[in-house]
Number of protein chains: 2
Amino acid sequence: MVDIIGTLQREMDGLSRSEQRIANIVFDDRQFAVNASIIELAGRAEVSPPTVTRFCRRLGCQSFSEFKVRLAQSAFIGQRYDEPQSNASNAEEVVQTILTRAQSVLHNLNDQLDIPSIEQAADAIANAKMVYAFGSGGNSSLFAGEVQNRLFRLGLRAMATNDHSMQLMTASTVQEGDVVVGLSISGRNRELSRALEVASGYGAKIVTITKPQSLVAEATDVNIPIDLQEGKDVLRPSSARFAFLAAIDVVAHLVAIKRKDLAIEPLRRIKSQLVTFRDEDDSQPLGD
Amino acid sequence: MVDIIGTLQREMDGLSRSEQRIANIVFDDRQFAVNASIIELAGRAEVSPPTVTRFCRRLGCQSFSEFKVRLAQSAFIGQRYDEPQSNASNAEEVVQTILTRAQSVLHNLNDQLDIPSIEQAADAIANAKMVYAFGSGGNSSLFAGEVQNRLFRLGLRAMATNDHSMQLMTASTVQEGDVVVGLSISGRNRELSRALEVASGYGAKIVTITKPQSLVAEATDVNIPIDLQEGKDVLRPSSARFAFLAAIDVVAHLVAIKRKDLAIEPLRRIKSQLVTFRDEDDSQPLGD
DNA sequence: AAATTTATGTAAATTTTTTTCTTGATGATT
DNA sequence: AATCATCAAGAAAAAAATTTACATAAATTT
């Protein structure tokens, strides 16, 4: 299943002028594009229907209707992927901006995520004796916490630290078979990189999620690269968080699959504790 | 956004025999149904094309192609919602699944977010003397941390706690003008609800992000309702997190706008500390 | 059992989409 | 600068898909 919007963005340069006009309409108003007939779409793009057909073919679709189906399947609602410099001032606009940006980050991530490194990371973690998650500075400490939160449920021993000194000390105690997960948005966390090197020296496997070619990425056995520019608006919360959380989700989910039989029992136990302790509804997610 | 598969399941009884044959094919082989022409679909169901058209109309679609589009839209999500474990076994599919789900959660959130309550929450927080963020249990404690992480940057005094006893004790110390932010996915956190009531009794304003009509939502001055069902797959990470983080983002961003002049200086200070302490690149998000 | 409603197919009409063919533009080569 | 090749894009025709209108069969009600 290929992501048609991603394909379109990639192919954008190779399109002729008329085809780019069509593409822009598709980007701007997916709602319309999905529901329009070839004639309506052609009309709005001020091109002829055959041009639309050719446009679809160029994107690897066999027909216009196949294109529409694929477009409909790419469930992304983000209206515009280019950063609209936000001068959002009322709540409604802020909601739109934040949600669109979050979706757009996830969308970019889709093209960017490096499958082989994710597989390797999940493999290493699934077989780890102990997993340490290191991250500091608000965002990355949150990620580290999230790694722990995800993994302990799967019956793995996991511990998160956001304290540089603790990271360094912990790194000195690792054993063969342990995995250290290093998290950094910028990749410029010198203390983290030092801790990872120490842990590596003592035989731990180092998995990171960070900016490629960065300091932290260097100190790594497996890096899952994430490279997203943040906008300039200092007031705007950083949306890289969504990307990191999604990446952690993906790895955790893969670990869960790999550990399936090992993971079910701890999950069942956690759940039964929560349910008997709190209330009878068991359709809730694990852990509030 | 209407879920055509859900509609179909509900309407099943009201369908004629021929129409049920069509419905079964749609259920059994969505892949086929989404890509087939009306003639192919009619052929496979052994009915005539007009019967298919009538079938689409009965489901509230204006035409066959509208039906296909709606099916395609729900098919993608549906496949993954229905049988996530069987489907997602390799890394690529897991990536698709997680990202699609996250996006679809954000999409739902867009329809669901209650603007007035967000405005009120942001107002209360922007003018708070002190903000406490309470949440427990992995996910919500992460949210509480996030609230703190967002707000202290804006020059607000903020403190997050995930410890029930601490929440209760803290609640006893609040003063007029303080805001307590309560976070819970399920809304069934009895200890949290008690702590909120205590804090309310001592004059704090209570803001929550939680499921509407829930225990926690009751104990509230302003609730931002979030109500998302989680899938059944216990192995699958809960994607409600994306919704909560987005909601927190929105509120924090609004607070930032409301406090603009007050917020710029703390942000500048944090940034200059980080930059001089760490390195020269100042295009990075605040706090790794 | 007759009358009425409902379901469904056939055939025609309409709409949509694709193919074919032509024109005009652009650019490289002599 | 003239010629040729290539490509983009539309017009018109052809094909395909879809819908409408109508007719008949089946089911249900009276």
Side-chain angles (χ1 to χ4, degrees), chain A residues 4 7-74, chain B residues 2 4 7-75:
Chain A
I4 193 82
T7 311
L8 187 48
Q9 277 179 328
R10 269 194 309 283
E11 302 282 306
M12 201 64 178
D13 294 337
L15 298 180
S16 74
R17 204 154 325 131
S18 307
E19 288 170 337
Q20 291 193 357
R21 271 214 301 285
I22 301 170
N24 281 327
I25 287 170
V26 172
F27 283 135
D28 288 354
D29 195 348
R30 188 104 35 97
Q31 198 60 27
F32 168 80
V34 159
N35 293 302
S37 76
I38 197 171
I39 294 168
E40 291 166 328
L41 182 56
R44 182 136 155 202
E46 296 178 307
V47 301
S48 64
T51 302
V52 176
T53 297
R54 286 187 282 256
F55 167 82
C56 299
R57 298 257 160 89
R58 194 179 296 253
L59 264 52
C61 295
Q62 210 258 312
S63 67
F64 175 65
S65 70
E66 187 186 322
F67 168 75
K68 281 218 303 193
V69 164
R70 291 235 256 145
L71 190 61
Q73 283 177 333
S74 67
Chain B
V2 195
I4 194 83
T7 310
L8 188 47
Q9 269 163 343
R10 266 195 309 284
E11 301 281 305
M12 200 65 179
D13 295 337
L15 298 180
S16 74
R17 208 161 313 137
S18 306
E19 287 170 339
Q20 291 193 358
R21 271 213 303 284
I22 302 170
N24 282 326
I25 287 171
V26 172
F27 284 134
D28 289 354
D29 194 349
R30 240 177 277 176
Q31 198 59 31
F32 167 80
V34 160
N35 294 302
S37 74
I38 197 171
I39 293 168
E40 291 166 329
L41 182 55
R44 184 139 154 198
E46 296 178 306
V47 300
S48 65
T51 302
V52 176
T53 297
R54 286 187 282 256
F55 167 83
C56 299
R57 299 259 160 88
R58 196 178 297 250
L59 264 52
C61 296
Q62 212 259 311
S63 68
F64 176 66
S65 70
E66 186 186 324
F67 168 76
K68 280 219 303 195
V69 164
R70 292 234 256 145
L71 188 60
Q73 282 172 337
S74 70

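Numbered from 1 within each chain, the chains take letters A, B, ... in sequence-line order.
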**OP:** On DNA chain D, reading 5' to 3', which nucleotide is the first and which the last to sit with an atom under 4.0 Å from a heavy atom of chain B, could you check?
**Re:**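 Using the under 4.0 Å cut-off, the span is D:dT18 to D:dT20.
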
**OP:** Please give the nucleotide sitting opposite D:dT30 as a Watson-Crick or G-U wobble pair, both distances under 3.5 Å, or none.
**Re:** C:dA1

**OP:** Only counting residues at least two apart or in another chain, list the ones meeting salt bridge (Lys or Arg N to Asp or Glu O under 4.0 Å) with B:R57.
**Re:** none

**OP:** Tell me what A:S65 touches on the nucleic acid: a base, only sugar-phosphate, or nothing, going by heavy atoms under 4.0 Å.
**Re:**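 If one applies the 4.0 Å heavy-atom cut-off, A:S65 turns out to touch nothing in the nucleic acid.
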
Subject >> For atom CD of B:Q62 and atom C1' of C:dT16, their distance in whole Å >> reply: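 To the nearest whole Å, that distance equals 14 Å.
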
Original post:
When the distance from CD of A:E66 to P of C:dT17 is rounded to whole Å, what number comes out?
Top reply: 14 Å

Subject >> Interface with DNA chain D, restricted to residues 35-45 of chain B and to heavy atoms under 4.0 Å >> reply: B:S37, B:I38, B:I39

For nucleotides 6-12 of chain C, give me every protein contact, N/O to N/O, under 3.5 Å, one pair per line with atom names.
| residue | atom | partner | partner atom | Å |
| --- | --- | --- | --- | --- |
| C:dT8 | OP1 | B:S18 | N | 3.1 |
| C:dT8 | OP1 | B:S18 | OG | 2.5 |
| C:dT8 | OP2 | B:S16 | OG | 2.2 |
| C:dT8 | O5' | B:S18 | OG | 3.2 |
| C:dG9 | OP2 | B:S48 | N | 3.0 |
| C:dG9 | OP2 | B:S48 | OG | 2.9 |
| C:dG9 | OP2 | B:T51 | OG1 | 2.8 |
| C:dG9 | N7 | B:R54 | NH2 | 3.1 |
| C:dG9 | O6 | B:R54 | NH1 | 3.3 |

Subject >> Residue list, side chain to side chain donor-acceptor pair (under 3.5 Å) with B:S18, at least two apart or on another chain >> reply: none

Original post:
side chain to side chain donor-acceptor pair (under 3.5 Å) with B:E66: which residues, sequence neighbours excluded?
Top reply: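 For B:E66, no residue satisfies side chain to side chain donor-acceptor pair (under 3.5 Å) once neighbours in sequence are set aside.
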
Which side-chain N or O atoms in residues 36-48 of chain B pair as donor and acceptor under 3.5 Å with protein atoms at least two apart or in another chain?
| residue | atom | partner | partner atom | Å |
| --- | --- | --- | --- | --- |
| B:S37 | OG | B:I39 | N | 3.3 |
| B:S37 | OG | B:E40 | N | 3.2 |
| B:E40 | OE1 | B:S37 | N | 2.7 |
| B:R44 | NH2 | B:D29 | OD2 | 3.2 |
| B:S48 | OG | B:T51 | OG1 | 3.2 |

Subject >> Side chains of B:L71 and B:L8 in contact at under 4.5 Å (non-hydrogen atoms) >> reply: no

What's the shortest heavy-atom distance between [X] and [Y], and which atoms?
X: A:L15; Y: A:R58; result: CD2-CD, 3.3 Å
X: B:S63; Y: B:C56; result: O-CB, 4.0 Å
X: A:Q20; Y: A:M12; result: NE2-O, 3.0 Å

**OP:** Not counting sequence neighbours, list each pair that qualifies as a ring-ring contact (aromatic ring centres under 6.0 Å, His included) and has a residue in residues 26-69 of chain B.
**Re:** B:F55-B:F67

**OP:** Output all residues satisfying side chain to side chain contact (heavy atoms under 4.5 Å, CB included) with B:E11, sequence neighbours left out; order by chain, then residue number.
**Re:**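 If we apply the side chain to side chain contact (heavy atoms under 4.5 Å, CB included) test to B:E11, skipping adjacent residues, the hits are B:T7.
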
